[in-house]
Amino acid sequence: MSVVAGTRPLLDGAALDRAPSVPRDGLAPALDVVDLVREFSRRKATPVRALDGMSLHVPQGEVHGLLGPNGAGKTTLVKILSTVLLPTTGYARICGHDVVTEARAVRPLIGVVFGGDRGLYSRLSGRQNLEFWAAVQQVPAKALRERCAGLLDRLGLSSAADRRVETYSRGMRQRLHLARGLVADARVLFLDEPTMGMDPVAAREFRVLIGELRGEGRTIVIATHDMAEAEALCDRVSFVRGGKVIDTRSPRALADLAASARGVEIDGPDAVTLGALRALPGVRSVDGDAEVSRVWVHNEESVHDVLRLLLDRGLTSVRTMRPTLEDLYLGLIGDRGLEV
Ligand SMILES: Nc1ncnc2c1ncn2[C@@H]1O[C@H](COP(=O)(O)OP(=O)(O)O)[C@@H](O)[C@H]1O
Ligand SMILES: [Mg+2]
């Protein structure tokens, strides 16, 4: 795995009876997170609960999204799973190995890529950076050069491999980061906001690469606040909020949910129009004030019905709205009557 900020004591072999015994490696789920709590103490203030009973199960070979706004606890979870931060209570296993009591068994199984472009040695070349990381992660000397060259090639960095990293574009640095996460041949890869700041072309290439890694049977966990990214890349998506998983769905179900949270915004509609809108079968609700009204619909088709009605009545000052993550959460809470 890559080195991440912070350290933690090694507890391998400690006589902590934390979790019931489970099948190992091939048979075990890639990720088994049960009731994980992590508190950060603050001087003279109540502690922050970054994780508040997080549970998550991911089978091997799945691309799983952790979708949630800033502060939801995604990075804290990734740090615990990558053995650099200890949980307060609860436990987590990767391919059957406990991340606290068996951290040494876990580390060779995982790769971690944090988004952004920091943490590389800018005076060294891309190849030197990668070979250094491979050595730190104890890639056998015989395989090291070839493995690094292969990764640089695969990530489109071959021609720049011997240039100093300080001459790289941001996208190239991000790709080098990804290479770093892959250098130890990880079975489970954690990507934390991987396309943050990437230009659209680089982001598209990145998605292709994720597809290839998935084809190799690796498990990939992607933490993101970007709904489109989660929808494009993942087999399943877990919504994270307040340190908990509040729902897990397929991207298809996510798209349906997004459609159901779509709406149309209208400047200054009259009472008759509002009445007619409320009477449309596809309309869920109408809110707003005298100046701007918002019409919420059940699906994409209903958006067209609403627009047609408005056009017929001569109202053209309208905008369609894409749902935000917050809107989706409201939809989920509405669905399930959950308290979040
Ligand atoms: N080292 C820390 N000390 C204190 N609070 C922290 C620390 N790391 C994270 N937090 C808090 O924990 C919560 C979850 O943060 P984080 O896991 O980074 O969320 P995300 O990655 O989803 O944005 C936030 O309220 C954050 O401020
Ligand atoms: Mg984060």
Side-chain angles (χ1 to χ4, degrees), residues 1-9 31 33-56 58 63-92 94 99-100 110-119 170 173-174 177-178 180-181 188-198 203 206 210 220-231 233-234 236-249 254 324-330 332-333 338-340:
M1 56 167 267
S2 304
V3 167
V4 203
T7 53
R8 54 181 268 178
L31 223 62
V33 175
V34 179
D35 265 336
L36 218 51
V37 172
R38 171 66 206 210
E39 288 186 340
F40 291 105
S41 51
R42 292 183 300 176
R43 216 179 295 155
K44 291 187 190 162
T46 48
V48 181
R49 255 193 178 213
L51 298 184
D52 188 21
M54 168 97 60
S55 294
L56 182 67
V58 178
V63 179
H64 196 96
L66 295 172
L67 181 63
N70 284 335
K74 304 180 298 294
T75 297
T76 302
L77 176 66
V78 170
K79 284 184 176 170
I80 290 174
L81 296 178
S82 51
T83 80
V84 295
L85 191 71
L86 289 167
T88 306
T89 59
Y91 64 89
I94 292 180
V99 298
V100 175
I110 62 173
V112 191
V113 179
F114 285 94
D117 53 5
R118 287 179 301 174
R170 188 166 186 178
R173 285 172 202 232
Q174 280 171 317
H177 255 294
L178 189 60
R180 213 173 86 167
V188 183
L189 196 58
F190 297 104
L191 308 175
D192 193 4
E193 308 278 0
T195 60
M196 195 173 61
M198 261 190 205
F206 176 80
I210 295 300
I220 304 172
V221 178
I222 303 175
T224 181
H225 65 271
D226 182 343
M227 222 152 53
E229 179 162 284
E231 210 178 306
L233 293 175
C234 301
R236 287 193 306 149
V237 178
S238 287
F239 289 84
V240 183
R241 178 152 134 168
K244 280 193 185 79
V245 170
I246 60 169
D247 202 288
T248 298
R249 298 189 173 216
L254 183 66
T324 63
L325 201 47
E326 248 350 84
D327 296 330
L328 286 196
Y329 282 124
L330 290 176
L332 283 174
I333 297 160
L338 283 176
E339 289 257 328
V340 186

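These values consider heavy atoms only, across backbone and side chains, with no hydrogens, waters or symmetry-generated copies. Since the model is a prediction, treat every value here as computed from it, not as a measurement. Counting starts at 1 for both ligands and their atoms, following the listed order.
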| Val33 and side chain to side chain contact (heavy atoms under 4.5 Å, CB included): which partner among Leu56, Val245, Val99? | Leu56
| Can a cation-pi geometry be assigned to Arg42 and Phe40, taking NZ or CZ under 6.0 Å from the six-membered ring centre and within 45° of the ring axis? | no
| said: No waters, cut-off 2.8 Å: how many protein N, O or S atoms are close to the Mg ion (ligand 2)? | reply: 1
| message | Among Ile220, Val113, Ile94, exactly one meets side chain to side chain contact (heavy atoms under 4.5 Å, CB included) together with Phe190. Which residue is that? | response | Ile94
| request: Please report the closest heavy-atom contact between Lys74 and Ala223, naming both atoms and the distance. | output: CB-CB, 3.9 Å
| Which value, rounded to the nearest 0.5 Å, describes the distance between Ser238 atom OG and His64 atom NE2? | 2.5 Å
| request: For ligand 1, list the protein residues that place a heavy atom within a distance below 4.0 Å of one of its atoms, sorted by chain and number. | output: Phe40, Val48, Ala50, Pro69, Asn70, Gly71, Ala72, Gly73, Lys74, Thr75, Thr76
| said: Under the criterion side-chain hydrogen bond (donor to acceptor under 3.5 Å, both in side chains), I'd like the reasoning laid out for Glu229 against Thr224: C-alpha separation, chi angles, the key distance, then a yes or no. | reply: CA-CA 7 Å; Glu229 179 162 284; Thr224 181; 3.2 Å; yes
| query | Do the non-hydrogen side-chain atoms of Leu67 and His225 ever get within less than 4.5 Å of each other? | reply | no
| message | Nearest 0.5 Å, please: how far is CD in Glu193 from CG in Asp226? | response | 8.5 Å
| request: Could you tell me whether the side chain of Thr75 reaches within less than 4.5 Å of the side chain of Lys79, counting heavy atoms only? | output: yes
